[in-house]
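Structure first, commentary second.
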Amino acid sequence: MNPRFQAALKREAQKIPPIWLMRQAGRYHRHYQGLRAKHSFVDLCKKPELAAETALGPILDFDFDTAILFSDILFPLEALGMGLSYDDGPPKLGFSLDEETFPRLKHWNDACPALAFQGEAMQATRALLPADKSLVGFVGGPWTLFVYAVEGSHKGSLVKSKQLLPSLFPRFAESLLPLLAYTIGRQLAAGAEAVMIFDTAAGELSPEFYARYSLPFLAALARLHPGKLGYYGKGMSEAQLALLKQSHAPFAGLGLDHRHGLAKILPLTETGFLQGNFDQSLLHLDGKAFESALRDYLAPFQALSVNERRGWVAGLGHGVLPATPERNVKRYVELVREAFA
């Protein structure tokens with residue numbers, strides 16, 4: 001386990017924050033590109049030794065404190081019988097979810113074996129990682145998976161998903177929740193120190209709909225694994241964050257995107273870690289401009305005391321973007337550590 005990441009989980013004061021980035025193993029990285037030239041994306045996810053090698057690459061090249069399971073949020077939909085293909089670009093499901101197709105979904109108990117590979121990949125990754133590196137897992141949020149099941153992506157206005165939200169989402173989430181709980185449990189048992197819920201469509205919900213429909217299922221997952229689940233809701237409003245806090249769901253911590261002033265929120269946070277939240281797009285700036293932007297971002301954190309920075313996990317507002325210069329990823333890690341040394 002990584003001492004810095006463990007200190008962040010326990011909210012212990014420390015000078016230098018741990019660093020891990022969403023999508024740190026991905027298309028921008030030559031190590032990943034080399035593996036993809038030889039293997040399909042599905043094989044990299046489903047063959048434990050390949051998933052472990054994929055997750056290890058950025059740890060060796062950039063010295064992140066924490067690795068993350070290499071997988072995809074959509075595999076639970078495949079396990080439920082919706083089919084899933086990555087053959088020619090974006091992922092494609094075999095059918096769209098609606099009232100007519102909902103009965104085609106498998107019972108969660110029958111779907112569980114199809115996700116066993118995630119626990120096996122986690123175990124293989126832990127075995128391959130250096131002993132001083134931490135490891136986290138992840139799943140997709142129920143609302144985000146519903147959006148993918150209905151729309152085929154999480155882009156656009158999500159009209160159809162919101163039309164079906166009152167009638168179909170609760171039934172879908174009740175079917176999905178035990179399946180997510182199963183793979184979360186497998187990931188934790190196999191060596192994950194925490195499991196993140198990635199809710200990339202969270203910000204598309206109004207605070208009222210978030211509180212009424214999505215939040216109860218998120219809180220239920222957190223209560224099944226108290227203190228072990230982190231939550232990231234892309235595009236979440238301040239009102240949604242307030243609702244999440246008011247729910248008293250026992251999350252291990254939260255990830256915030258670059259829309260929030262994390263340095264102001266951090267001293268006011270009493271429990272759990274906070275991950276984020278440098279704008280990932282700024283990693284595309286030329287060298288000096290990138291370093292200047294990062295130093296400007298870090299300055300408010302440097303103004304905080306070590307106690308006020310407790311629980312901070314340094315990261316991006318979202319994942320590393322394709323074509324991000326590797327030199328800037330490496331420099332990000334170096335500059336964050338230099339700033340607080």
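- Under a 4.0 Å N-O distance rule, the pair Arg171/Glu99 qualifies as a salt bridge.
- Heavy-atom minimum distance, Ala202 versus Gly233: CB-CA, 3.8 Å.
- Side-chain atoms of Gln302 come within 3.5 Å of backbone atoms of Ala339 as a donor-acceptor pair (strictly under, hydrogens ignored).
- Listed here is the closest heavy atom pair of Phe251 and Gly230: CD2-C, 4.3 Å.
- Between the side chain of Gln123 and the backbone N or O of Ala190 there is no donor-acceptor pair closer than 3.5 Å.
- Panel note: side chain Arg23, backbone Val320; no donor-acceptor pair is recorded below 3.5 Å.
- Using a 4.0 Å cut-off between charged side-chain N and carboxylate O, Arg295 and Glu291 make a salt bridge.
- One distance of note links CG of Leu9 with NZ of Lys228; it measures 8.0 Å at 0.5 Å rounding.
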List the steps and the verdict of side chain to side chain donor-acceptor pair (under 3.5 Å) for His260 and Glu238. CA-CA 8 Å; His260 297 275; Glu238 296 292 342; 2.9 Å; yes
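- Closest approach of Arg36 and His39 over heavy atoms only: NH1-O, 2.8 Å.
- Minimum heavy-atom separation, Leu282 to Ala293: CD1-CB, 4.2 Å.
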Is there a side chain to side chain donor-acceptor pair (under 3.5 Å) between Ser305 and Asn307 once you walk through the steps? CA-CA 5 Å; Ser305 68; Asn307 279 325; 5.2 Å; no
For residues 129-144, run the donor-acceptor check on the side chains, cut-off 3.5 Å, and write out each pair with its distance to 0.1 Å, sequence neighbours left out.
residue: Lys133; atom: NZ; partner: Asp63; partner atom: OD1; Å: 2.6
residue: Lys133; atom: NZ; partner: Phe64; partner atom: O; Å: 3.0
residue: Ser134; atom: OG; partner: Asn2; partner atom: N; Å: 2.8
residue: Ser134; atom: OG; partner: Glu193; partner atom: OE1; Å: 2.6
residue: Ser134; atom: OG; partner: Glu193; partner atom: OE2; Å: 3.3
residue: Trp143; atom: NE1; partner: Ala201; partner atom: O; Å: 2.9
residue: Thr144; atom: OG1; partner: Asp199; partner atom: OD1; Å: 2.6
residue: Thr144; atom: OG1; partner: Thr200; partner atom: N; Å: 3.0
residue: Thr144; atom: OG1; partner: Ala201; partner atom: N; Å: 2.9

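- The aromatic ring centres of His258 and Phe278 sit 6.0 Å or more apart.
- By the 4.5 Å heavy-atom criterion applied to side chains, Tyr297 and Phe301 are counted as neighbours.
- When all heavy atoms are compared, the tightest approach of Pro17 to Val336 is CG-CG1, 3.9 Å.
- Note on Lys160 versus Glu151: no salt bridge recorded, every NZ/NE/NH1/NH2 to OD/OE distance being 4.0 Å or above.
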Would Leu274 and Val313 count as a side-chain contact (heavy atoms from CB on, under 4.5 Å) here? Give the steps. CA-CA 6 Å; Leu274 283 179; Val313 179; over 6 Å; no
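- What you find for Leu243 and Pro207 is that their closest heavy atoms are CD1-O, 3.4 Å.
- For Tyr332 and Phe290, the ring centers sit 6.0 Å or farther from each other.
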Go through the steps to decide whether Phe198 and Tyr231 satisfy the test ring pair (Phe, Tyr, Trp, His ring centres under 6.0 Å), and finish with yes or no. CA-CA 6 Å; Phe198 290 146; Tyr231 177 72; 9.5 Å; no
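- Within the cation-pi definition used here (under 6.0 Å to the ring centroid, within 45° of the axis), Arg27 does not qualify as a partner of Tyr32.
- With hydrogens and angles ignored, the 3.5 Å screen pairs a side-chain donor or acceptor of Ser247 with a backbone N or O of Leu244.
- Gln24 places a side-chain N or O within donor-acceptor distance of the main-chain N or O of Thr66, the cut-off being under 3.5 Å.
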From CA spacing to verdict: side-chain contact (heavy atoms from CB on, under 4.5 Å), Lys264, Leu268: CA-CA 7 Å; Lys264 293 182 178 179; Leu268 304 176; over 6 Å; no
Begin with the C-alpha distance, continue with both residues' side-chain angles, and end with the deciding distance and a verdict on side-chain contact (heavy atoms from CB on, under 4.5 Å) for Ser214 and Leu205. CA-CA 9 Å; Ser214 181; Leu205 284 175; 3.9 Å; yes
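- Of the residues listed (Phe172, Tyr213, Phe102), the one engaging Phe146 in a ring-ring contact (aromatic ring centres under 6.0 Å, His included) is Phe172, and it is the only one.
- Relative ring orientation between Phe62 and His29 is described as tilted, the plane-to-plane angle lying within the 30° to 60° band.
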Chi angles and distances behind the side-chain contact (heavy atoms from CB on, under 4.5 Å) call for Gln275, Leu254: CA-CA 6 Å; Gln275 185 200 14; Leu254 302 175; over 6 Å; no
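- Residues passing the side chain to side chain donor-acceptor pair (under 3.5 Å) test with Thr101, sequence neighbours excluded: Asp98.
- By the 4.0 Å N-to-carboxylate-O rule, Glu270 lies too far from Arg310 to be salt-bridged with it.
- Cation-pi geometry between Lys46 and Phe117 is met: under 6.0 angstrom from the ring centre, within 45 degrees of the axis.
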Would Tyr86 and Asp72 satisfy side chain to side chain donor-acceptor pair (under 3.5 Å), going step by step from the backbone distance to the final call? CA-CA 11 Å; Tyr86 297 89; Asp72 191 80; 2.8 Å; yes
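- The existence of a salt bridge linking Arg4 and Asp65 is confirmed by a sub-4.0 Å separation between a basic side-chain nitrogen and an acidic carboxylate oxygen.
- A donor-acceptor pair is defined here as one N or O able to donate and one able to accept, closer than 3.5 Å; no such pair exists between the side chain of Ser292 and the backbone of Lys288.
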